[in-house]
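Residue numbering restarts at 1 for every chain, and letters A, B, ... go by the order of the sequence lines.
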There are 2 protein chains.
Amino acid sequence: MELDERKRIILHAIVKNYLETGEPVGSRTISKYTDLNLSSATIRNEMADLEEMGLILQPHTSAGRIPSDQGYRVYVDEMLRDKEKEVENMKEMLLDKEEKLENLLKQVAKTLAVDTNYATMISAPQIRKNKLKFIQISKVDDEHLLATIVIEGNVIKNKIITVEEVLDDATMLKLNILLNTRLDGLAVEDINLGLIAAVKQEAGIHSEIIGNVIDAAAESITADEDLQIYTSGTTNFFKYPELTDNAKASELLSTFEDTSDLSSIVENTLSAENGETGIQVYIGNETPVQAMKDCSVVTATYELGDGMKGTVGIIGPKRMDYDKVISTLKNMRHALDDLYKKE
Amino acid sequence: MELDERKRIILHAIVKNYLETGEPVGSRTISKYTDLNLSSATIRNEMADLEEMGLILQPHTSAGRIPSDQGYRVYVDEMLRDKEKEVENMKEMLLDKEEKLENLLKQVAKTLAVDTNYATMISAPQIRKNKLKFIQISKVDDEHLLATIVIEGNVIKNKIITVEEVLDDATMLKLNILLNTRLDGLAVEDINLGLIAAVKQEAGIHSEIIGNVIDAAAESITADEDLQIYTSGTTNFFKYPELTDNAKASELLSTFEDTSDLSSIVENTLSAENGETGIQVYIGNETPVQAMKDCSVVTATYELGDGMKGTVGIIGPKRMDYDKVISTLKNMRHALDDLYKKE
DNA sequence: GTTAGCACTCACCTCTTTCGAGTGCTAACA
DNA sequence: TGTTAGCACTCGAAAGAGGTGAGTGCTAAC
């Protein structure tokens, strides 16, 4: 059977109505809701067809219809094909930019949650192929050295190193020159055991300290194995009864306490080819997280300048307001882009 | 009326039984549960007395009794007076200590949550009266300087400063000496406008850079106005039906999304004189957070060596297993203490 | 192809009944 | 005087019984 124009309009009306009310939609409602001027009986016939096609379904015999996952999919695909929405001024939200990335991300998550009334998540940008830009050790006091490591993108790492012996200024200078000449500009794959041994040998009696510093440096440019993810608005789930009948709420919220489930969403999003819009929609069972099978997840990748890519996600009921969510995410992307360009 | 020995035993039995079952406790249950060898009728008489004293109450006429807030209080006070429990090996949990304080705290919160089956929170230690220990600027590249600031307790702060002009090594050295001689060991209240002006003047044409560095330093040693608080196990609430009937769950979980409510608990705990045990118990309406009026909150202060004090809290139903929670918290305190001493 | 009409279904609400755990009170007992 | 057995009573929870209404599928007529 084919999804002709009239069926499409009816499906659209069913989805839209269900998004608003959360209740199954009956034929009479559609008959009035659309301007097709068809009686409820005709609509019923069409609905029977749509059901046969797997686009809508009945929760029970004498109830109206609700969209199936596949029905949502048709609706969402249609929407994604739609013209670009104009970029609004979400930027302003971020303009009093926090100096720390962490705070910026938390702010984004919160803003989105408040804006959309859904739960949100954002992953810190994953830094790949990092190179050392600057490395230095300083004497904090007699027993402690401070290793400062700057990597591309001006990300800074520090490590305190405890030393037995007191180092004089000349030695410090020598070690610093050694570190910078030998390690500057290296990526993680360049730092191999051979190099480490060579540098250590050059350092002579201070090889242990140098070993510590190199370890710290290597650790810094290795991608964080535990991806930082911030969430917000998880209590918004309680606004949608279909997600919060007892056990479900618990299960759903649990996935937000631990990053492991969320990071599977991040991975999925980053690995998928998602065209120029950068938006991806997972409906029901399409989500990588089992506990979210009654939800929809809309994700977007964002990029902070030099190749640091992260993922923003909005998680809500399947009957989420896709239109709004998608345009909100687009705005956020643009805002983050602009924000970084100003630097 | 006086709380004689027999009444105390009965009260104890009622509380204990209620903690386990979550159901109102009847006289017959107590008659069997205790080894007083009293009939249910006698127990009923005693229970009537206890109710009159405000220690227990009936949810409705023909139900058993549940402890009132005051009843819990008697029970808990008795328990706090009890002998010190032996310190168990929670330490081991923390032994693979994360280098970052943040990760350690998250780990503590999680461990406690898993251990107790309640929600937990932990505040990052509040650092008071900070002094600068070490301050330095380094040239990352021609346009960027890196200011590194170490404050007491070996907490490290960094700030990237963008400069117009390229600074030569001699200038860098000069500025560094200036910074360290003038600012070393200063507390926040020592850094006043007069000092800043004096140092800036000494810096000559580079006063702007110095100004930036001093700003960064001042910011670093000022106590974080937004207290960091980590939580875990919030979904444990769902294990206690009395806390999760619909609206309550949402309200309760909301308080965990925002730190403002939680920080009032931290403040309360830190400001209270809580004796040598360092443990504090808030029952029902005693908690500083209205949304937790059906909960009990058990807090402990911990100290990481040099005066850095923070607060751990466990939030659960009023019928929480006080015995276990209190001893678990004590263990955690000891573990944290020991952990720091090893440094 | 569209529509009106009609019998049918079934979740949901309300009202009633039943059930049982638990109580308070009284009278008897040690 | 303290303890106990017995009994009538209370009231929430669970189970059952109608009633209601939104919505359906089917059929026959337009």
How many Å lie between CG on B:Leu36 and P on D:dT4, as a whole number? 10 Å
Do B:Phe256 and B:Phe237 have ring centroids that are under 6.0 Å from one another? yes
Using salt bridge (Lys or Arg N to Asp or Glu O under 4.0 Å) as the criterion, list what pairs up with A:Glu2, not counting sequence neighbours. none
For A:Asn285, all residues meeting side chain to side chain contact (heavy atoms under 4.5 Å, CB included), sequence neighbours excluded: A:Asp69, A:Lys293
Does B:Lys110 have any salt bridge (Lys or Arg N to Asp or Glu O under 4.0 Å) partners at least two apart in sequence or in another chain, and if so, which? A:Asp258
Take atom CD1 of A:Ile43 and atom P of D:dA22, then tell me their distance rounded to the nearest Å. 18 Å
Which residue pairs pass the salt bridge (charged side-chain N to carboxylate O under 4.0 Å, His left out) test when at least one of the two sits in residues 17-28 of chain A, sequence neighbours left out? none
Applying the Watson-Crick and G-U criteria (both distances under 3.5 angstrom) with [ ] for crossing and | for other-strand pairs, one obtains for DNA chain D ||||||||||||||||||||||||||||||
Sequence-distant partners of B:Ser27, side chain to side chain contact (heavy atoms under 4.5 Å, CB included), two or more places apart: B:Ser40, B:Ile43, B:Arg44, B:Met47
Winner on side-chain proximity to B:Thr42, out of D:dT4, C:dT2, D:dG12, is D:dT4
Taking protein heavy atoms under 4.0 Å as touching, what does nucleotides 22-29 of chain C look like 5' to 3' if B marks base contact, S marks sugar-phosphate-only contact and - marks none? SBBB----
We want to know whether B:Thr120 and B:Tyr230 form a side-chain donor-acceptor pair, criterion being a heavy-atom distance below 3.5 angstrom. no
Pairwise salt bridge (charged side-chain N to carboxylate O under 4.0 Å, His left out) hits with a residue in residues 30-40 of chain B, at least two apart: none
Contacts of B:Tyr240 that satisfy ring-ring contact (aromatic ring centres under 6.0 Å, His included) - sequence neighbours left out: B:Tyr118
Residue set satisfying side chain to side chain contact (heavy atoms under 4.5 Å, CB included) with A:Ser62, at least two apart, ordered chain then number -> A:His60
Of the nucleotides C:dA11, D:dA5, D:dG12, which has the atom closest to the B:Ser39 side chain? D:dA5
Using whole Å, report how far CD of A:Glu46 lies from P of C:dT3. 11 Å
Short of 4.0 Å, heavy atom to strand atom, which residues of residues 4-23 of chain A count as contacting DNA chain C? A:Arg6
Which pairs, with at least one residue in residues 52-66 of chain B and sequence neighbours excluded, count as a salt bridge (charged side-chain N to carboxylate O under 4.0 Å, His left out)? B:Glu51-B:Arg65
